[in-house]
Asker: 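Before anything else, here's the structure in question.
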Amino acid sequence: MKKISKVLIANRGVPAVRVMNTCRDKKIKTVAIYSTPDRLAYHVFLADEAVHIGEAPPHDSYLNMEKIIKVALEKKCDAIHPGWGFLAENADFAELVEQAGLVWVGPPPEVIRLMGDKIRAKKIAQRANVPTIPGLLNVKTVEDILKWMQEDEVDFPIMIKAASGGGGKGMVRVYTAEELPVALEKAKSEAKKAFGDDTLLVEKYIRSGRHIEVQICADKYGHVVHLYERECTLQRRNQKILEEAPSPSISDDLRQEICFTAVRLMREIGYHSVGTVEFLLDPKTNKFYFLEVNTRLQVEHGVTELITGLDLVSLMFSIAEGHPLPFEQDDILPNRHAIEVRINAEDPKTFNPSFGTITRLEIPQGPGIRVASGVYEGAEVPSYYDSLIMLVMSAGADRSEAIRVMDRALSRGLRVEGIKTIAPLLLSIIRHPDFIEGKFSTRFIEEHHEELLSMVKEKTADDEVLKIAKYVAEISALGPQDWM
Amino acid sequence: MDYIFVKPGMSPKEIVQKVRELPGVCFVSVGMRDAGQSDYKNRLRIYDLKTLAPYYNEMGLFASECHGGARWHVGIMNRRESPFEEIAILRELMPNVLLQTLIRETNMWGYRPYPKNIIEYVVEVVDIDVWRCFSFLNDVRNMRPVAEVVMKRGRLFEPAISYTVAPWFDTKYYLKVVDEIVDLCGGVDEIVLCIKDMAGVGTVSSVTELIDSIKQKYPDLVINYHRHITDGLAIPVLLAAAKAGAKIIDVEEDTLVRFYGHSPILAVEAIFREEGIPVHLNRKAAEQAVEKVREWIRDYDWAESPFKGFDHMVTRHKMPGGAFPSSFEQAEKGGFLHLMPYILQVMSLYNQIVKYFDVTPGSQITWVTCSGIVNRYAKEQGEEGVKHVIKLLKKFVEEKNQDFSAMEPWEQEELLQLFKNAPGDFKNLILGHYGRMPVGWPADWVYQSTFGDEWGNKIKERKESSPVEAIPDEDLTALRKKLEYELGRKATEEEFILYLMHPKDALDFIKFREKYGDAPLYLPTKVWREGLKKPGDKVEFIYEGKPYCIELVSIGVENDGIIHVVLKVNNKTRVFEVKTPRAKKEEVKKAVRPNEIGAPISGTVWRIGNPKRGTLKVGDIVHKGEEIANLESMKMENPVLAPFDAQIVEICVRLNQMVEEGQLLFVLKPLENNANIENTGESNIEKLPH
């Protein structure tokens with residue numbers, strides 16, 4: 001057992017802030033790292049200490065493994081927490097951390113490596129009797145795909161995926177044979193760029209599928225407990241933007257089945273720390289298929305925390321220190337419904353990233369709301385990193401109460417100016433009758449985009465008066481205008 | 001005593017009956033519309049005008065003219081107020097008062113003839129009680145669509161005859177126009193007839209004779225006399241009109257009266273009383289309104305016309321009161337204010353050659369044509385040249401009585417050049433696109449001068465029909481789609497109507513209001529125009545019942561085209577970054593035409609071409625569906641595909657350049673088999689005849 005009293009957080013923004021908050025609770029000292037454009041970022045000042053790690057490009061800063069480990073050693077840290085994204089699922093980095101004598105706050109490197117290879121992960125799942133989507137592993141050419149489709153009687157659409165992928169990168173949906181060459185190229189190139197590996201696989205695309213994932217928590221002594229599932233069906237460009245727990249789309253029987261399947265798989269691969277098994281549910285047949293294992297803390301872990309009352313980051317540290325799980329499966333009794341939305345700095349119409357200074361920021365407050373923010377009023381959102389600036393979560397006794405709380409948080413509480421965010425779109429989603437009824441698929445946003453955008457924006461007197469103030473500022477500075 | 005005798009909601013018949021029953025006369029106050037148009041370029045804001053509403057509500061007016069004319073357009077363009085907001089505010093503050101608009105038959109509140117379906121659609125929606133409608137050609141046929149919808153809605157239609165004094169517009173002529181109006185409106189019981197003396201040129205005898213003749217023929221017809229004061233003789237003529245039988249007289253607050261508007265309400269009441277004509281007016285409320293104006297009128301000094309003073313020569317040049325300040329404004333902006341006296345002289349000669357009424361859009365046609373002629377001579381031959389052309393026109397009109405053949409050959413030659421640069425609207429006018437001209441088409445030499453060798457054909461094209469019949473209906477659904485495309489959202493009914501009237505300015509207006517909210521409605525005029533001056537200055541107002549205070553903390557020094565302004569908004573300090581006109585303008589060229597390929601998203605151009613072919617260069621042939629570039633954004637790749645078989649004409653970006661969405665990447669030339677792509681013209685409201 002190795003006590004962690006100082007940790008380097010190899011991340012920025014929302015994940016870094018999230019981890020630091022728990023460290024503060026656990027009296028673990030924190031060291032932040034930052035790139036040049038992040039020198040005034042929120043996470044830098046929340047940490048106990050901070051170290052400049054390099055220039056803007058991720059490879060020079062947040063992906064610079066040697067430098068990060070060197071800094072951790074210099075600052076006398078005991079451990080490194082990777083947050084999510086960047087190096088969180090990089091097995092080489094995890095190994096280097098351990099070789100340097102530091103604690104890796106995450107699952108074993110070999111498990112990361114195994115699960116990071118989608119093709120091997122799929123094979124293991126098949127061996128463990130976990131259902132998988134019909135597909136072809138290790139695709140090289142268009143001809144491979146067409147041959148497989150013919151032999152296995154698979155119709156378009158199909159999905160091309162990067163073998164070492166995640167986060168929607170290197171994932172391309174294909175509807176016709178004509179699109180195939182360009183799509184294959186795109187997936188290959190994206191995969192190469194994002195993961196340094198252009199091995200691809202192809203799968204049947206399940207229409208109207210729903211993403212259900214099971215949160216797992218396991219210690220180093222073989223205890224594997226699930227913390228129930230999350231529904232992550234709402235996505236845009238294969239990236240989740242709204243998650244909730246429990247899933248509104250499965251029965252209790254199916255819930256038990258999925259959760260225990262996940263536990264079985266994770267036990268099989270010797271997992272420890274927290275992690276997630278993702279499934280795709282075909283609502284027509286009520287069959288679920290294994291998608292992948294996320295060997296890290298996930299963005300949406302907060303909804304699980306809200307329904308179970310646990311702190312997953314705290315558990316990660318305890319497990320990493322070598323403590324056994326402090327609970328059994330029967331102790332986990334979720335009793336609430338929780339929703340999370342991702343506030344991305346993006347144009348809600350086009351999903352194009354929106355960079356710049358946040359000129360006004362009001363953070364939602366009040367009963368049932370939890371916020372994890374990576375920014376502050378006046379902060380810059382740099383163009384180099386991902387667009388997530390804040391997570392807003394709501395909880396209630398049941399789903400409709402959680403939706404009501406989220407509505408208050410987004411319509412009356414949250415205000416972000418200076419950059420665009422997808423908050424107006426998120427508000428439209430949670431007000432959409434189909435969402436309220438729980439009728440949606442991964443294509444909900446594409447299918448309803450137009451309609452979601454046209455929903456009326458809520459105005460408040462404060463917002464309106466700030467527009468008037470803007471006018472007063474301009475005329476005070478510039479004097480009478482020609483157009484008057 | 002309750003002075004309210006007509007109210008919104010009454011039927012036209014009831015209103016007309018109430019006016020007939022009055023022992024004397026009643027007033028229309030034009031204080032909220034024409035007063036501001038005539039002397040203040042329509043800049044008087046609803047923020048100030050609404051302070052008069054509580055008095056109007058008790059004054060016993062026939063109506064308040066508060067809408068229409070150029071107030072609509074200037075509202076969205078300069079005051080950034082919507083006419084719909086104004087109606088809503090006034091309805092709430094003066095529920096007793098009939099709200100009156102001024103509408104230009106087929107041109108409505110815009111500057112082009114609209115098709116019937118647009119006229120009907122718009123008139124159906126605007127919540128106005130009294131519809132004063134005029135035609136600058138007195139072509140009563142043009143009024144039909146407005147008349148029909150207004151009367152069907154149960155609102156009061158007030159047809160106006162455009163009035164001026166000229167030998168060819170005699171009483172017989174006007175009586176014929178009245179006949180046509182009475183005919184159009186099915187009698188005299190549900191209308192009020194307006195005599196619109198927009199230049200203010202009627203004399204005691206001419207107006208007495210006209211009203212007297214109308215009353216002899218139509219004793220029950222209620223007549224409203226509208227007369228500007230530019231000649232300095234308005235009050236005696238108003239008195240004459242009342243004595244001859246006009247029941248309604250247009251007036252404005254004494255404190256608003258300058259030189260081009262209307263007579264002072266209190267003075268008119270006083271002289272009528274002295275002359276034994278009962279006036280239905282709560283004089284005390286009228287006095288309070290007159291006083292109220294003093295509280296804000298000095299904030300509009302900047303909007304006043306630069307030439308102050310009466311001008312009896314208006315009886316010759318006939319520029320209407322409503323057009324004076326805007327003409328001066330244009331002359332000042334165009335740097336030819338010193339030529340104004342010459343332009344007015346040319347107008348007085350021109351209006352004898354091309355005969356119609358100088359009121360919108362006629363007054364604009366006259367102005368642009370005449371100022372154009374004077375400017376052309378001034379530019380080519382200096383002031384002497386201007387004097388020369390005036391001498392020539394004087395000879396032609398006054399000495400030779402417009403006998404073209406009586407002019408010397410070189411003078412004929414010069415006259416044949418007179419209209420060669422005339423504006424398109426002048427051409428449309430003499431081709432009949434606005435309707436029939438009141439006393440016949442101009443002489444042939446005018447056509448020859450305007451159209452050159454084409455003139456014979458042009459005369460053949462000339463239309464005798466009304467534009468109401470000639471203009472095809474427009475596709476309202478398509479127009480609405482176009483607006484919504486521009487806005488990127490659904491448009492409200494009101495926004496759509498603003499757009500139908502003035503497409504470009506309405507878009508600017510909507511965007512302004514999206515950015516600055518209700519600033520035009522809540523800021524006092526001084527702050528609206530000049531902002532806050534020194535630290536500690538503040539502006540306070542109530543918004544949705546909540547008190548707000550905006551206080552100036554500091555205005556920074558300009559640096560790189562940016563000024564930082566610090567304000568306290570309800571005690572919370574906020575910094576505003578204000579871009580000055582010197583701010584660097586980064587012009588990004590956007591793809592607009594079908595053969596221009598724009599960036600599908602914002603990102604980095606990391607590849608031009610595709611892996612199979614490598615880099616592309618100008619002159620290369622690309623095929624439909626072929627990847628021609630690839631953009632990266634947030635680690636996602638986004639191929640740009642050729643939309644058709646084409647040759648690359650221009651590559652507008654460099655490798656690894658950051659581009660924004662829609663930025664021009666490639667210019668392509670379609671290969672022959674699909675060359676028609678370049679010519680996909682779409683119909684556009686601004687391209688239609690004005």
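So that the names make sense, note that chain A is the first sequence line, chain B the second, and so on, each numbered from 1.
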Asker: Surrounding NZ of A:Lys188 (heavy atoms of other residues, nucleotides or ligands, distance under 6.0 Å), is the total greater than 12?
Answerer: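 It does: A:Lys188 NZ has more than 12 such atoms within range.
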
Asker: For B:Pro611 versus A:Glu185, what's the shortest heavy-atom pair and its separation?
Answerer: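 Of all heavy-atom pairs spanning B:Pro611 and A:Glu185, the closest is CG-OE1, 3.9 Å.
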
Asker: Would you name the heavy atoms of B:Glu544 and A:Ala461 that are closest together and state the gap between them?
Answerer: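 Distance-wise, the nearest heavy atoms are OE1-CB, 3.6 Å.
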
Asker: Taking side chain as everything from C-beta outward and backbone as N, CA, C, O, which of these in A:Thr350 sits under 4.5 Å from a heavy atom of chain B? Side chain, backbone, both or neither.
Answerer: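 Side chain only.
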
Asker: To the nearest 0.5 Å, what is the distance between NZ on A:Lys186 and CG on B:Asn610?
Answerer: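 Going from NZ on A:Lys186 over to CG on B:Asn610, the span is 14.5 Å.
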
Asker: Are B:Tyr516 and A:Lys470 side-chain neighbours, meaning at least one heavy-atom pair lies under 4.5 Å?
Answerer: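 Yes. Closest side-chain heavy atoms under 4.5 Å.
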
Asker: Describe, in one word, how the ring planes of B:Phe512 and A:Tyr471 are oriented to each other, choosing from parallel (under 30°), tilted (30 to 60°) and perpendicular (over 60°).
Answerer: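 Ring orientation, 0 to 90° scale: perpendicular.
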
Asker: So do B:Lys533 and A:Ser476 actually touch side chain to side chain, heavy atoms under 4.5 Å?
Answerer: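 Contact flag for A:Ser476/B:Lys533 side chains = no.
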
Asker: What part of B:Leu532 lies closer than 4.5 angstrom to a heavy atom of chain A: side chain, backbone, both or neither?
Answerer: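 Its backbone and side chain both get close to chain A.
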
Asker: With a 4.5 angstrom heavy-atom cut-off, which part of A:Thr357 approaches chain B: side chain, backbone, both or neither?
Answerer: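 Neither the backbone nor the side chain of A:Thr357 comes within 4.5 Å of chain B.
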
Asker: Does a side-chain heavy-atom distance below 4.5 Å link A:Val465 with B:Tyr522?
Answerer: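 Of all side-chain heavy-atom pairs linking B:Tyr522 with A:Val465, none is under 4.5 Å.
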
Asker: So how far is it from B:Phe576 CZ to A:Thr359 OG1, rounded to the nearest 0.5 Å?
Answerer: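 Atom-to-atom, B:Phe576:CZ and A:Thr359:OG1 are 8.5 Å apart.
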
Asker: Please report the interatomic distance CG(B:Asn630) to CD(A:Glu190), rounded to the nearest 0.5 Å.
Answerer: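 It is 8.0 Å, given to the nearest 0.5 Å.
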
Asker: To the nearest 0.5 Å, what is the distance between NZ on B:Lys572 and CG on A:Leu466?
Answerer: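 Going from the NZ atom of B:Lys572 to the CG atom of A:Leu466 covers 8.5 Å.
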
Asker: Taking the side chain as every heavy atom from C-beta outward, state whether B:Arg529 and A:Met484 have any atom pair closer than 4.5 Å.
Answerer: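 A side-chain contact under 4.5 Å exists here.
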
Asker: Give, as side chain, backbone, both or neither, the part of B:Glu484 having an atom under 4.5 angstrom from any heavy atom of chain A.
Answerer: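 Neither part.
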
Asker: Taking all atoms of both residues into account, what is the closest heavy-atom pair of A:Ala477 and B:Val578, and its distance?
Answerer: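 Result for this residue pair: CB-CG1, 4.1 Å.
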
Asker: Let me know if B:Trp302 has heavy atoms under 4.5 Å from chain A in its side chain, its backbone, both or neither.
Answerer: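 The answer is the side chain of B:Trp302.
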
Asker: Would you say that more than 12 heavy atoms from the other residues, nucleotides or ligands in this model lie under 6.0 Å from the NZ of B:Lys481, or not?
Answerer: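 12 or below, so no.
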
Asker: Output the distance between atom CD (A:Glu474) and atom NZ (B:Lys579), rounded to the nearest 0.5 Å.
Answerer: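 It is 9.0 Å, given to the nearest 0.5 Å.
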
Asker: Hydrogens and angles aside, do A:Asp462 and B:Tyr548 bring a side-chain donor and acceptor to less than 3.5 Å of each other?
Answerer: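 Distance-only check passes for A:Asp462 and B:Tyr548.
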
Asker: Counting only heavy atoms from other residues, nucleotides and ligands, does the tally under 6.0 Å from NZ of B:Lys624 exceed 12?
Answerer: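 No - once you tally the heavy atoms of other residues, nucleotides and ligands closer than 6.0 Å, there are 12 at most.
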
Asker: Of the non-hydrogen atoms in A:Val182 and B:Pro639, which two are nearest, and what is the gap between them?
Answerer: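 That closest heavy-atom pairing would be CG1-CG, 4.3 Å.
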
Asker: Minimum heavy-atom separation for A:Ala469 to B:Val569, with atom names?
Answerer: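 Shortest heavy-atom contact: CB-CG2, 3.8 Å.
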
Asker: By a 4.5 Å heavy-atom criterion (distance strictly below it), what part of B:Glu530 contacts chain A: side chain, backbone, both, or neither?
Answerer: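 Its backbone and side chain both get close to chain A.
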
Asker: If we define contacts as heavy-atom pairs under 4.5 Å, which of B:Val74, B:Leu552, B:Ile563, B:Leu523 has the most with chain A?
Answerer: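 Maximum pair count with chain A is reached by B:Leu523.
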
Asker: Heavy atoms only: give me the nearest B:Pro581-A:Leu478 pair and the separation to one decimal.
Answerer: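 Nearest pair, atom of B:Pro581 first, then A:Leu478: CD-CD2, 4.3 Å.
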
Asker: For B:Asp301, I'd like to know if atom CG has over 12 heavy atoms of other residues, nucleotides or ligands within 6.0 Å.
Answerer: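 Yes, because the 6.0 Å sphere around CG of B:Asp301 holds more than 12 heavy atoms from other groups.
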
Asker: Are the side chains of B:Met77 and A:Trp483 in touch, meaning some heavy atoms are under 4.5 Å apart?
Answerer: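 No, every pair of side-chain atoms sits at 4.5 Å or beyond.
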
Asker: Under 4.5 Å from any heavy atom of chain B, what part of A:Glu377 do you find: side chain, backbone, both or neither?
Answerer: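 A:Glu377 touches chain B through side-chain heavy atoms alone.
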
Asker: Which answer fits B:Lys546, side chain, backbone, both or neither, if we ask what part of it has an atom under 4.5 Å from a heavy atom of chain A?
Answerer: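 Just its side chain gets close to chain A.
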
Asker: Counting heavy-atom pairs closer than 4.5 Å to chain A, which one of B:Lys333, B:Arg43, B:Glu627, B:Lys41 comes out on top?
Answerer: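 Ranked by contacts with chain A, first place is B:Arg43.
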
Asker: With a 4.5 Å cut-off on heavy-atom pairs, point out which of B:Val527, B:Val566, B:Asp518 contacts chain A the most.
Answerer: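 Of the candidates given, the most pairs with chain A belong to B:Asp518.
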
Asker: Can you find a pair of side-chain heavy atoms, one from B:Arg574 and one from A:Arg360, that are under 4.5 Å apart?
Answerer: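 B:Arg574 vs A:Arg360: side chains touch.
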
